[in-house]
Colleague: 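Quick one: this structure, given as C-alpha cells, is what I'll be asking you about.
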Amino acid sequence: MSLRGKQYLSLAVMAAGFLMIWMLRGWLAVLGLLVALAGVVLGLLVLRCPSCGSPLWPHPGQFCRHCGAKIEWNKKGN
C-alpha cells in the first residue's frame, strides 16, 4: 500500500470514530472516541519516512522534516 493509501485509511478510521461519536449518545459514544483514537495511533504508526523512519503525521509534506528525503506518496510498498 502506498503512503497516500495509508494516510487515507488513517483518516477514514478517524472519520468513522467521529461519526460514531456524533450518532451515538451516552456510553456508546466512548466507542466512537476509541475508534477515532485508533485512527490517530494508526497514522502515527504507519505514516513514516521510508528513509529515516520518523513519523510524517500530522504534518505530511513533500519532504521529510527530519532527514530532508523526498517523500513518494503514491509509490507502492512505502
Colleague: Do you know the tightest heavy-atom contact between Leu3 and Glu72?
Modeller: CD1-O, 4.2 Å
Colleague: Which heavy atom in Trp73 sits nearest to a heavy atom in Ser2, and how many Å separate them?
Modeller: O-CB, 3.4 Å
Colleague: Hey, what do you get for CG (Leu33) to CD1 (Ile21), rounding to the nearest 0.5 Å?
Modeller: 5.0 Å
Colleague: Treating Ser10 as the side-chain partner and Gly39 as the backbone partner, does any N or O pair qualify as donor plus acceptor under 3.5 Å?
Modeller: yes
Colleague: Test of understanding: clusters of I, L, V, M, F, W, Y form through side-chain heavy atoms closer than 4.5 Å, transitively. Do Leu37 and Leu44 belong to the same one?
Modeller: yes
Colleague: Quick check: is Val35 connected to Leu24 through a chain of hydrophobic side chains (ILVMFWY, heavy atoms under 4.5 Å apart)?
Modeller: yes
Colleague: Could you pull out the closest heavy-atom pair between Val40 and Met14, with the gap in Å?
Modeller: CG2-SD, 3.5 Å
Colleague: Let me confirm one number: the SG-CZ distance from Cys49 to Arg65, rounded to the nearest 0.5 Å.
Modeller: 11.5 Å
Colleague: Quick check: is Val46 connected to Tyr8 through a chain of hydrophobic side chains (ILVMFWY, heavy atoms under 4.5 Å apart)?
Modeller: no
Colleague: When hydrophobic residues are tied together by side-chain contacts of less than 4.5 Å, even through go-betweens, does Phe18 share a cluster with Leu11?
Modeller: yes
Colleague: When rounded to the nearest 0.5 angstrom, what distance separates CG in Leu9 from CZ in Arg4?
Modeller: 14.0 Å
Colleague: Roughly how far apart are Lys76 NZ and Met1 CE, rounded to 0.5 Å?
Modeller: 8.0 Å
Colleague: So, for Phe63 and Ile71, which heavy atoms are closest and what is the spacing to 0.1 Å?
Modeller: C-CG1, 3.9 Å
Colleague: Starting at NZ of Lys6, measure out to CG of Leu56 and round the result to the nearest 0.5 Å.
Modeller: 10.0 Å
Colleague: Looking at every heavy atom in both Arg48 and Pro55, which two are closest together, and how far apart are they?
Modeller: NH1-CD, 3.3 Å
Colleague: Would you mind reporting whether Cys52 and Cys64 have side-chain heavy atoms less than 4.5 Å apart?
Modeller: yes
